[in-house]
Amino acid sequence: MLSLAGAVLLARQSLDEQRALFETDARIVHRLLSQQVVQHDAILATLALLQPGAEGPTASPEQRLPALYPQILAVQRRDPGQRWPDPALADAEAASRQAKRAALASLDLRTGRYQLVLAAQPTSYALTIDLRAMVPWAEWPMQPQTSPVRVALEHAGQRYLVQPGSVALDTPRPGWRFEFHKLVAAESQPFDVVATHAVGWGQLPWGRMLAWGLGVAALLAALRHLQRQRTARRRAEELLRLGQVARLNTLGELAAGMAHELNQPLTAVLANTQAAQRLLDDDPPELATARGAMAQAAAQARRAAEVVGRLRRAIERPDRGDQQQAVDAVAAVRRALDLLEPECQRRGVAPQLAGAPALTVQADPVALDQIVHNLILNALQALEQVPAAQRRLTLTLGTVDGLGELAVADSGPGIPAEVLPRLFEPFFSTREGGLGLGLSLCETLAAGMGGSLTAANATQGSGAVFRLRLPLAGGPA
Ligand code: ADP
């Protein structure tokens, strides 16, 4: 609709411009023709005023007029006592005398000729005028041969074509037709100046209209695209937020449950120890009752420990608790690297595997996979903070102090001194959007398998080293 409205507006504007141009030209034409026609009245009036002089070579000065005015073909006069050679002139003279102004005679607009008679005393005059010579082409506002505008002089059902105009005027075609009608400014020669201009559909500014339509379409398409993009982004953000909320909800529930379960035994421990304190302060101290209160406190503390233990076992997946078995650590590392290959490639990191070609440890294979996966992913995230050319990731397998060891070393920024002691705390994270549960879980899992997980900064160059130690298969527990 916008395209259409704009196109219609452009077409209307163009038509208005063409109409304005046409009307200006038509007015100029009317003025020029009026000026010419008015001259005839003035000439006749002058002749009537001067009247013929004495006989002699200058007796008929009016005969010199055709030389001065090309449109005047002949000048005739009727002296007193004479008759006009043409009765039409006599009729015109009578009409002129009555109207007190010049009168038309033998009008033939097809040939463009007419006569103009002014009755005067004693001599009357008649001019024979040729319209073809009257048009002042030098001042004409249009190209008479090529202009599409038709100009004609009309009177009493006759028409003299001044300018032919385009053929479209003869064969009515769909489009617009501009017309201009005005009588020339001489009462004696009441010719109607009629200008006509036909504008067809083909003359509308199609190029501009099309450009406008395409422009609007392109703009709307761009806006729509932008809106779609915005909607997609909003949806993605919403999904992410929902995911985070869901995760946090679970964690929140866990924390609330834990607080609820721990609150009761801890309150009891507090009450019992305070009571025992008071009993011991008594003089003499009531030792037996105090001992009872302390025993109660100890029992409640054990209950609290049980709650924590239960929770820990739940996190460690009690169903996998006895899944310890001999596991090929090299294969576990290769598996993790394989899984994370796209991540490595995306960051331009080529991981190096070094150390012992074979290492078998006593471990829960799923837990081991999880730890290795986590350590590599953390290293990759740390490597993002240094330029691509400096990114190194080395995984070294070996045996240290009778334990199997996997060292994951990266060339990232390393671990700041203030972060190092808190690294394995649950919910400790320096990453935006990080949950801070990865390392704490890994440490718990490693400890669950009788091993350990430690972190340090590289001794040479920058970066961090995480060491996972696990009992060797078949070795001492
Ligand atoms: P998260 O990855 O969600 O932050 P983690 O427990 O995996 O949780 O990591 C805790 C924090 O330990 C990280 O936010 C980061 O500051 C630090 N960290 C872990 N691995 C590395 C490493 N390879 N280099 C430097 N800092 C690390």
Side-chain angles (χ1 to χ4, degrees), residues 240-252 254-255 258 311-312 315-317 332-333 336-337 339-355 366-398 405-449 451-470:
L240 195 72
R241 201 179 63 80
L242 279 179
Q244 278 171 353
V245 167
R247 242 176 352 154
L248 286 179
N249 272 349
T250 321
L251 289 169
L254 199 74
M258 214 163 111
L311 197 79
R312 214 182 154 104
I315 289 173
E316 287 168 5
R317 297 201 229 165
V333 171
L337 284 177
L339 208 65
L340 287 170
E341 193 182 285
E343 297 286 322
C344 294
Q345 260 178 5
R346 200 155 59 78
R347 296 172 174 87
V349 177
Q352 302 283 320
L353 195 56
V366 177
L368 180 61
D369 280 351
Q370 202 167 357
I371 298 172
V372 177
H373 186 275
N374 248 315
L375 293 180
I376 297 175
L377 203 62
N378 272 352
L380 288 177
Q381 282 164 354
L383 285 173
E384 276 175 6
Q385 298 168 40
V386 296
Q390 295 173 22
R391 295 178 189 168
R392 308 262 180 285
L393 174 58
T394 314
L395 295 110
T396 314
L397 287 157
E405 186 191 80
L406 166 67
V408 180
D410 63 66
S411 62
I415 307 159
E418 68 275 13
V419 169
L420 210 49
R422 302 191 58 196
L423 217 53
F424 296 102
E425 273 178 27
F427 302 111
F428 174 81
S429 174
T430 59
R431 277 196 313 117
E432 199 176 329
L435 264 185
L437 284 178
L439 284 179
S440 96
L441 181 70
C442 287
E443 197 200 21
T444 311
L445 289 175
M449 294 186 287
S452 66
L453 180 64
T454 54
N457 276 313
T459 43
Q460 298 166 358
S462 70
V465 189
F466 285 81
R467 286 175 210 283
L468 170 69
R469 290 189 182 170
L470 289 172

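Just so you know, ligand 1 is whichever comes first in the structure, and atom 1 is the first atom listed for that ligand. Below, all heavy atoms of this structure are taken into account, side chains as well, without hydrogens, waters or symmetry copies. Residues: numbered from 1 along the sequence shown. On a predicted model such as this, the values are computed, not experimentally measured, just so you know.
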### Summary
At under 4.0 Å between heavy atoms, what of Ala464 touches ligand 1? The answer is side chain
### Query
So which bit of Val408 gets within less than 4.0 Å of ligand 1, heavy atoms only: side chain, backbone, both or neither?
neither
Distance to 0.1 Å, residue and atom name: give those for the protein heavy atom nearest to [atom].
{"atom": "atom 10 (C) of ligand 1", "value": "Phe428 O, 3.4 Å"}
{"atom": "atom 14 (O) of ligand 1", "value": "Thr430 N, 2.8 Å"}
{"atom": "atom 18 (N) of ligand 1", "value": "Leu423 CD1, 4.2 Å"}
{"atom": "atom 6 (O) of ligand 1", "value": "Leu439 N, 2.8 Å"}
{"atom": "atom 3 (O) of ligand 1", "value": "Gly436 N, 2.9 Å"}
{"atom": "atom 2 (O) of ligand 1", "value": "Arg431 NH2, 3.0 Å"}
{"atom": "atom 24 (N) of ligand 1", "value": "Ala382 CB, 3.5 Å"}
{"atom": "atom 4 (O) of ligand 1", "value": "Ser429 OG, 2.6 Å"}

Which atoms form the tightest heavy-atom contact between [X] and [Y], and what is the distance?
{"X": "Pro413", "Y": "Ala382", "answer": "CD-O, 3.2 Å"}
{"X": "Cys442", "Y": "Leu453", "answer": "CB-CD2, 3.6 Å"}
{"X": "Glu443", "Y": "Phe424", "answer": "OE1-CB, 3.5 Å"}
{"X": "Ala417", "Y": "Pro421", "answer": "O-CD, 3.1 Å"}
{"X": "Gly463", "Y": "Asn457", "answer": "O-OD1, 3.3 Å"}
{"X": "Thr394", "Y": "Ala354", "answer": "CG2-CB, 4.4 Å"}

Tell me whether [X] contacts the main-chain N or O of [Y] through its side chain, where contact means a donor paired with an acceptor under 3.5 Å.
{"X": "Ser411", "Y": "Gln390", "value": "yes"}
{"X": "Arg422", "Y": "Phe428", "value": "no"}
{"X": "Ser440", "Y": "Glu425", "value": "no"}
{"X": "Arg347", "Y": "Leu383", "value": "no"}

Does [X] have a heavy atom less than 4.0 Å from any atom of ligand 1?
{"X": "Phe424", "value": "no"}
{"X": "Ala379", "value": "yes"}
{"X": "Gly414", "value": "yes"}

### Message
List ligand 1 atoms under 4.0 Å from Asn378, heavy atoms only on the residue side.
### Response
2 (O), 7 (O), 19 (C), 20 (N), 23 (N)
### Message
Out of all atoms in ligand 1, which are within 4.0 Å of some heavy atom of Ile415? Include the element for each.
### Response
25 (C), 26 (N)
### Task
Compute the shortest N/O to N/O distance between Asn374 and ligand 1 and return yes if it is under 3.5 Å, no if not.
no
